[in-house]
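The block underneath contains the structure these notes are about, expressed in structure tokens.
Just follow the structure's listing: the first ligand is 1, and inside any ligand the first atom is 1.
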Amino acid sequence: MRRLGRLRVLQALCEVGEVSRGDLLRHTGLSRATISSLVADLVREGVVREQSAASSRLGRPPLVVSLVPEAGYAFGLDIGHDHARLILSDLTGTPVWDDSVELDVDSSADDTVAAAAELVEAASEEIDRTRVLGLGVGIACPVDRRTGVLRAEGIMPSWVGAKPAAMLTERTGLRTLVVNDANACVVAERRYGVARHCDDVVYLRLSAGIGAGVVCDGRMLLGHDGLVGELGHVSVDPNGEVCRCGNRGCLETIASPTAISRLLSRSWRREVLNAELMSLLLAGDRGAVRAVEDAGEAVGRTLAMTVMALNPELVVVGGELAAAGEVLFDPIRRALRRNSVSDLHGDLQIMASALGDGASARGAAALVLSAALVLSETPQLLTIDKV
Ligand SMILES: [Zn+2]
């Protein structure tokens, strides 16, 4: 019972941040005496502190309980198709270090792991390394939930059969957990971003790869193999381009920034880079606007199926393409309405990610923090169903 109580207190502190003892009472359902004793233990261990709340009112300010930021740290690594980005979070989830390298991730697994290990080395110089709780990784590839092996065929050729957690542990000496990047993103948005306090969320990442992370009733949905949310490879155009996965007309061949730039490059017979896309939209270029609107329409149709299946309260759209704003969001909303029973989903919100590019790394670090704080007595580093 005491372990369960401790777990509830730490969970509340993780989720809410600074809380009064009264708030802890409400959040945990524990008695005042139990909370006093648990908080005293945690203060003694140096994990939690109790101090006066900043208050403008006269009189004695109330005491608030919070995690001690420097009591522990977690690394969060985002491995995309062309970059590795490392964030170091303190115990409260606040980033204290952030750096990235560009490299061809898809065709160089070993180089990517080596580059990530160098980033970890550099960040470790800033802190007491003994306080690092582990390394969380969000990777742009499906991850088998039982074996940790990447399902990288056609997606990240040099990673086929790879177990990145083992590779990174060998190089860094850190306990490592690996999830698909969209899963890491949904955790980050729920903990720190626009989906706070929301128990039913779909996060859709529109980057070079497209994928979704799903939280349902407060739990991350992983599915039989851990492959929930592979929406990038839903076919939306039977006559479309052949996708890198081998199917035809996948959402990814229409709605990834890379696909849009490729389309414009072909039409205009000059190379259009992803980085140029946003300035073309800002300038109101008709071709670029049309391509992004069509992408939004395809995304909306795909989301309609997802929404009918999962009934989320909120859909968060992230990845580079989310920066297109209403040019993208308008057609998403229209196609969603047209292809679902919109009366049933009148309250559904579609919002842009609040955390942008950093979501995957922050979410991966958050999973390590949750695991270390809440589940530290379990043999595995992490059970990721509770986020
Ligand atoms: Zn595909």
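Nearby protein atoms of type N, O or S around the Zn ion (ligand 1) amount to 4 (distance under 2.8 Å).
Under the 4.0 Å criterion applied to side-chain N and carboxylate O atoms, R196 and E189 are not assigned as salt-bridge partners. Using a 4.0 Å cut-off between a side-chain N of Lys or Arg and a carboxylate O of Asp or Glu, K163 and E170 do not qualify as a salt bridge. Salt bridge D78/R205: present, at least one basic N to carboxylate O contact under 4.0 Å.
If you chain together hydrophobic residues whose side chains sit under 4.5 Å apart, V68 and L88 never meet in one group.
Looking only at atom types and distance, the side chain of S360 has no donor-acceptor partner in the side chain of D181 under 3.5 Å away.
Within a 6.0 Å radius of CD in E326, more than 12 heavy atoms belonging to other residues, nucleotides or ligands are found.
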